Undergrad: 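Questions regarding the structure given below will be posed in turn.
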Amino acid sequence: MDIANFIIGQLVGLVEPFLAIDFIIKCLDWKEQVKHRKQLYIGVCLVWFIVAQGNGRFEGSYTIIAAFDMCLAYLFSCLFLRKTAGVKLMICILEEVISNICILSVMQLTTYIINTSIFDFLENEGMIFQIGAIVSKIVVWLVYKGVYTYFRYMAIHFPKEQIVLTNVMIGFTAVSVICIFLAVSQKGVSHYTVVLLLIVSLGIIALCGYVIYMMITISKKNEKMQLYQLIELKSQEQERQLEEWKHSEENIRKFRHDYKNHCMNMEHLLEEGEYESLGKYLKQFVAEELGEVRSIYSDSPIINAVFHNKMSICKEKGIDISCDITGSVKCLDNLIVGSILFNLLDNAIEACEKNQKEKRIICRIAREADEVNIFVENSIEQSVLAENQLLETTKEKKDQHGMGHLIVEEQVKKLDGMVEYYEDKMFCAHVYLPM
């Protein structure tokens, strides 16, 4: 019988780390570059199981091993799983809290039903102990399955401030649960005390769960408001783009009208034999009317239109702009890519206007076999990312400005691409689009 209890206990103990690590992986996801995922998963679970053999072997073993399990899970998540350090810590603490609360609750109910103390229950690992262990693991699995969706939402959508607040709350809950376990596991604790502490532990759980639920609800409402705001801004952005293209079209028509008059003037000077005056007229015409605006000719009419529009604006604002396109970009001839390029160049122009010295923009589009990389660089006089990693606007009307980066990221996401920002003497926005 003792051998059977030992085998059942080992098998039940082996289930716990597999449930815990599986829950953490589902909430955080593997890093893309991680290979041999199954071997890593099994390996960390076996380490967890081996360490768990020390439970009850020495004084304070349950607390020390629980802390070790959480540290092991956090280290595993930092090395092989996604998300930020704060989110990883939150999920690892939540996993430990859920596991401890479920086990403690089942243990308290079981000892109350069979009319024994938790101290004696832990000392005598008989069949009832094994049944309680099996029931607790089933409860843990059901709770993991029930709350997984909410925790995954928290890991993806919670802002930094809410992550910190959640970590503080669940950290307090974890300490409370450990204190309650240490209290009820002492020798000579009455059933009345056990019941009271069970009610206290359930109350702490309910309060923590309610606060987290409200935070999720508020976060979802904020997300919807941001979505509506983004839709409104996209509509305003499209109107602005149409206005700029209309302005460019008017400038082209005006230039054509003036060009005709200039041709007539030059024809008259030619007929009169005023060659010296004609030469001066031509130089003045090239310098003032044509300036340094260069034409872009690619196999994408939309890309050409965006570049010509922004080149005209750069000329008016005294910004030096150069564009380089390699390979066929006909695949980019759609409004989404046009909007991405439009906003990237807008952001670069806005940044250059703040510069006192150098005002320069370099744009490169490189088409390779199955991908397109767009680089838009602009000169900066001081680091932008060092002080403003989220690229928030510095203007007073924050609801009307600074949304260019958000629109770019949203449009790139539609095309299953990626966008990154970095600095190498110049500020650079890099957009990767799969073809």
Side-chain angles (χ1 to χ4, degrees), residues 1-27 41-58 61-70 72-73 91-148 151 173-174 177-178 180-186 189 191 194-195 197-199 201-202 204-206 209:
M1 194 66 176
D2 291 339
I3 296 174
N5 287 337
F6 176 77
I7 294 172
I8 292 171
Q10 294 301 308
L11 290 174
V12 172
L14 189 59
V15 169
E16 182 180 350
F18 281 91
L19 289 175
I21 297 298
D22 180 65
F23 172 76
I24 292 171
I25 291 172
K26 284 182 177 178
C27 288
Y41 171 51
I42 295 172
V44 72
C45 290
L46 289 177
V47 173
W48 186 312
F49 172 71
I50 292 168
V51 173
Q53 302 306 303
N55 275 322
R57 309 293 181 189
F58 55 92
S61 58
Y62 292 104
T63 305
I64 294 171
I65 290 175
F68 176 85
D69 290 344
M70 193 181 71
L72 178 64
I91 295 299
C92 291
I93 298 176
L94 280 170
E95 177 279 319
E96 193 66 31
V97 169
I98 290 171
S99 177
N100 289 336
I101 285 174
C102 291
I103 293 170
L104 180 59
S105 300
V106 171
M107 190 186 301
Q108 287 176 304
L109 288 172
T110 304
T111 54
Y112 181 76
I113 292 169
I114 64 175
N115 194 26
T116 186
S117 68
I118 289 180
F119 179 84
D120 293 332
F121 182 73
L122 292 172
E123 287 293 314
N124 303 309
E125 297 183 359
M127 181 56 68
I128 295 177
F129 180 87
Q130 305 304 341
I131 292 171
I134 293 170
V135 171
S136 67
K137 297 303 178 286
I138 293 172
V139 172
V140 168
W141 175 70
L142 290 173
V143 173
Y144 282 161
K145 193 174 181 181
V147 301
Y148 155 72
F151 286 175
T173 305
V177 170
I178 291 172
I180 291 171
F181 172 75
L182 293 174
V184 299
S185 62
Q186 298 299 313
V189 178
H191 290 299
V194 171
V195 172
L197 289 174
L198 176 60
I199 294 171
S201 62
L202 291 175
I204 293 172
I205 297 163

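Owing to the predicted nature of the structure, the values given are computational and were not obtained by experimental measurement. Worth knowing before you read on, the calculation uses all heavy atoms, side chains too, and leaves out hydrogens, waters and symmetry mates.
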Undergrad: Start with the C-alpha gap between Val140 and Glu16, add the side-chain angles, then the distance that decides, and say whether side chain to side chain contact (heavy atoms under 4.5 Å, CB included) holds.
TA: CA-CA 9 Å; Val140 168; Glu16 182 180 350; over 6 Å; no
Undergrad: Walk me through whether Asp22 and Phe18 qualify under side chain to side chain contact (heavy atoms under 4.5 Å, CB included).
TA: CA-CA 6 Å; Asp22 180 65; Phe18 281 91; 6.0 Å; no
Undergrad: Keeping the roles fixed (side chain from Gln53, backbone from Phe49), state whether a donor-acceptor pair exists under 3.5 Å.
TA: yes
Undergrad: Evaluate the side chain to side chain contact (heavy atoms under 4.5 Å, CB included) criterion for residues Ile103 and Val139: first the C-alpha distance (whole Å), next the side-chain angles of each, then the deciding distance (0.1 Å), finally the verdict.
TA: CA-CA 8 Å; Ile103 293 170; Val139 172; over 6 Å; no
Undergrad: How close do Glu96 and Asp69 get, heavy atom to heavy atom, and via which atoms?
TA: OE1-CB, 3.9 Å
Undergrad: Which heavy atom in Leu19 sits nearest to a heavy atom in Lys137, and how many Å separate them?
TA: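 Looking at all heavy atoms of both residues, the closest pair is CD1-O, 3.8 Å.
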Undergrad: For Ile65 versus Ala52, what's the shortest heavy-atom pair and its separation?
TA: CG2-CA, 4.2 Å
Undergrad: Using every non-hydrogen atom in the two residues, find where Ala20 and Glu95 come nearest and quote the distance to one decimal.
TA: CB-OE2, 3.0 Å
Undergrad: Please check: side-chain N/O of Tyr144 versus main-chain N/O of Ile24, any donor-acceptor pairing under 3.5 Å?
TA: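 Looks like no, no N/O pair under 3.5 Å.
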Undergrad: Of all the heavy-atom pairs spanning Val106 and Ser136, show the shortest one and how long it is.
TA: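 The answer is CG2-CA, 3.9 Å.
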Undergrad: Is any side-chain heavy atom of Trp48 less than 4.5 Å from a side-chain heavy atom of Phe68?
TA: no
